[in-house]
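Computed over heavy atoms, backbone and side chain alike; hydrogens, waters and symmetry mates excluded. The chains referred to below are lettered A, B, ... by the order of the sequence lines, with proteins before strands, and numbering in each begins at 1. Predicted, not measured: the structure shown is a model, and the values here were computed from it.
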Amino acid sequence: MMALGAPPPPPLSLSSSDVKYNLYDTGVNENKPFNDVNGMLQQIMSIVDQSLDEAQARKHAFNQSRLKPAFFQVLCEIKEKTAINIRNLPEDEPPDSQLMRLDNMLIAEGIAGPERTGGSSSAASANAAASINDDSALEHGDYRAKLSQIRQLYHSELEKYEQACNDFTSHVINLLREQSRARPISPREIDRMVMIIRKKFSSIQLQLKQSTCEAVMILRSRFLDARRKRRNFSKTATEVLNEYFYSHLSNPYPSEEAKEELARKCSISVSQVSNWFGNKRIRYKKNIGKAQEEANLYASKLANQAAQGIGGIRRDSDSSQQDKPARKSRSRVKK
DNA sequence: GTATATGATTTGAT
DNA sequence: ATCAAATCATATAC
């Protein structure tokens with residue numbers, strides 16, 4: 001029984017006379033050819049005790065037997081019930097959550113899924129420009145170039161894997177089909193083997209996806225992390241912000257609307273305005289003495305503007321405090 | 001090269 | 001959610 005699943009002995013060259021001789025003139029008891037099941041079984045069981053030539057001869061004779069197909073079928077069933085079921089994989093594996101996560105991310109990043117045309121990506125850049133609205137176009141373009149490079153690599157690798165998987169699978173199928181003439185292999189077993197192969201290959205693909213995700217993340221952190229690619233605001237933007245700050249020194253907390261307006265004027269985002277005021281307040285407070293001259297500078301500038309009637313920014317009624325701003329951040333009004 | 005300026009982020013409080 | 005404060009990481013001045 002234990003020898004049943006083993007591959008057949010390698011085919012040696014046998015002359016027909018050898019076969020005849022071995023088949024009918026062995027020292028073994030049964031001279032009958034394979035024409036009944038018991039005889040057949042006994043001959044198969046005793047094959048391990050025989051010489052290679054004898055075994056070959058038996059095999060040949062067995063292959064000629066009309067009982068062989070039925071016999072193989074039975075063996076296949078037995079195999080099905082024993083060997084294969086033991087290491088039966090969890091048949092319907094749950095869709096790997098990690099794989100799903102990776103797939104989703106790749107699609108979200110535009111690596112996998114439908115190829116992005118110029119239209120959709122320009123829509124994306126328009127979206128980004130709407131929210132950032134500054135001169136990040138260059139970096140963004142660079143980012144997209146690198147991203148498409150990654151995408152290209154990913155797709156070519158994926159295709160290679162797919163190709164290799166298909167090649168290997170069909171090769172194995174052919175091999176097993178061929179061997180199923182010499183040893184009991186059920187179609188179901190072949191299917192299972194195909195599944196195993198696919199699984200192995202998909203685990204390789206998982207690695208590919210993983211490293212692709214990694215590369216995208218690195219790219220993101222390098223190109224989209226604004227902290228790394230910090231750019232100072234334009235001179236005029238800083239001017240506008242400072243004007244607002246020093247003309248509202250008593251309460252340098254622009255409302256949401258004011259922030260929006262400042263953002264618009266400075267071509268930066270609202271959150272950047274918030275950042276700026278947060279930094280400005282804390283840094284102003286930290287050394288009022290040094291900031292004093294800056295305050296005076298802007299105060300005089302504003303005075304000039306007011307005198308000329310240009311003042312686009314109204315000074316708040318409380319701005320008399322501007323000469324001695326005192327630390328009153330704690331007394332700010334809560335919204 | 002270092003020192004300072006500056007925009008962004010994190011943390012913790014309210 | 002918004003703020004102060006500390007901190008990070010880069011830009012710029014020196």
Side-chain angles (χ1 to χ4, degrees), chain A residues 105 108-109 124-147 213-302 312-319 321-335:
Chain A
M105 190 195 142
E109 295 296 333
S125 74
N127 196 6
S131 64
I132 305 294
N133 198 16
D134 63 0
D135 54 350
S136 69
L138 226 162
E139 293 160 32
H140 197 255
D142 208 357
Y143 171 78
R144 270 196 317 172
K146 286 274 196 331
L147 192 70
C213 275
E214 219 170 286
V216 171
M217 291 312 276
I218 290 168
L219 191 67
R220 263 172 100 78
S221 70
R222 282 197 58 189
F223 281 87
L224 295 188
D225 186 354
R227 182 151 84 170
R228 287 187 180 278
K229 278 277 177 192
R230 183 178 69 78
R231 305 218 57 91
N232 290 353
F233 296 151
S234 70
K235 202 77 181 164
T236 55
T238 311
E239 230 165 282
V240 169
L241 292 167
N242 270 317
E243 276 174 21
Y244 187 99
F245 181 79
Y246 285 113
S247 61
H248 296 75
L249 252 188
S250 62
N251 185 32
Y253 297 89
S255 64
E256 192 58 37
E257 300 82 55
K259 280 182 191 172
E260 280 167 19
E261 190 185 340
L262 286 168
R264 193 172 42 73
K265 274 190 197 165
C266 302
S267 300
I268 59 178
S269 70
V270 172
S271 64
Q272 281 178 305
V273 173
S274 298
N275 286 339
W276 190 91
F277 273 88
N279 284 322
K280 188 70 186 179
R281 279 190 300 263
I282 197 77
R283 283 160 184 168
Y284 176 82
K285 204 171 75 175
K286 263 183 175 171
N287 51 6
I288 289 180
K290 186 158 172 292
Q292 193 67 53
E293 53 194 68
E294 197 178 31
N296 287 333
L297 192 138
Y298 279 96
S300 62
K301 183 180 282 189
L302 280 172
I313 298 177
R314 233 185 310 283
R315 307 170 64 170
D316 67 336
S317 55
D318 212 23
S319 64
Q321 290 228 339
Q322 165 175 305
D323 288 336
K324 184 188 170 298
R327 44 183 74 216
K328 54 183 328 180
S329 2
R330 277 288 148 199
S331 69
R332 69 183 191 273
V333 289
K334 203 132 187 249
K335 284 197 287 194

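In this structure, A:Y284 places its OH atom 18 Å from P of B:dG7, rounding to the nearest Å. Counting to the nearest Å, the C1' atom of C:dT2 and the CG atom of A:N275 are 12 Å from each other. The distance between atom CG of A:N232 and atom P of B:dA5, rounded to the nearest whole Å, is 13 Å. Rounded to an integer number of Å, the gap from CZ of A:R281 to P of B:dT6 is 17 Å. A:K235 has its NZ atom 11 Å from the C1' atom of C:dT12, to the nearest Å. For the pair A:R283 CZ and B:dT4 P, the computed distance is 14 Å after rounding to whole Å. At whole-Å resolution of the value, CH2 in A:W276 and P in C:dT2 are 19 Å apart. At whole-Å resolution of the value, CD1 in A:I282 and P in B:dT9 are 18 Å apart.
Proximity of A:K285 to the phosphate of C:dA5: a side-chain N or O atom is located under 4.0 Å from OP1 or OP2. Dashed line: the shortest gap from a side-chain N or O of A:Q272 to OP1 or OP2 of B:dG7 is not under 4.0 Å. Note on A:K286: every side-chain N or O is 4.0 Å or more away from OP1 and OP2 of B:dT4.
A:N279 pairs by the side-chain hydrogen bond (donor to acceptor under 3.5 Å, both in side chains) definition with nothing, not counting sequence neighbours.
Here A:I268 contributes atom CD1 and A:W276 contributes atom CH2; the two are 9.0 Å apart, rounded to the nearest 0.5 Å. A:E261 contributes atom CD, which lies 10.0 Å from atom CD of A:E257 (distance to the nearest 0.5 angstrom).
Comparing the local axis fitted to the first five base pairs of the helix from B:dG1-C:dC14 to B:dT14-C:dA1 with the one fitted to its last five gives a bend of 0°, rounded to 10°.
Between A:S255 and A:Y244, the closest heavy-atom pair is N-OH, 4.5 Å. Looking at every heavy atom in both residues, A:C266 comes nearest to A:L241 through SG-CG, 4.0 Å. Between A:P254 and A:R281 the shortest heavy-atom distance is CD-NH1, 4.5 Å.
Without hydrogens or angle criteria, A:E239 side chain to A:T236 main chain gives no donor-acceptor distance under 3.5 Å.
Residue contacts for A:N279: at a heavy-atom cut-off of 4.0 Å it reaches a base atom on one of the strands shown.
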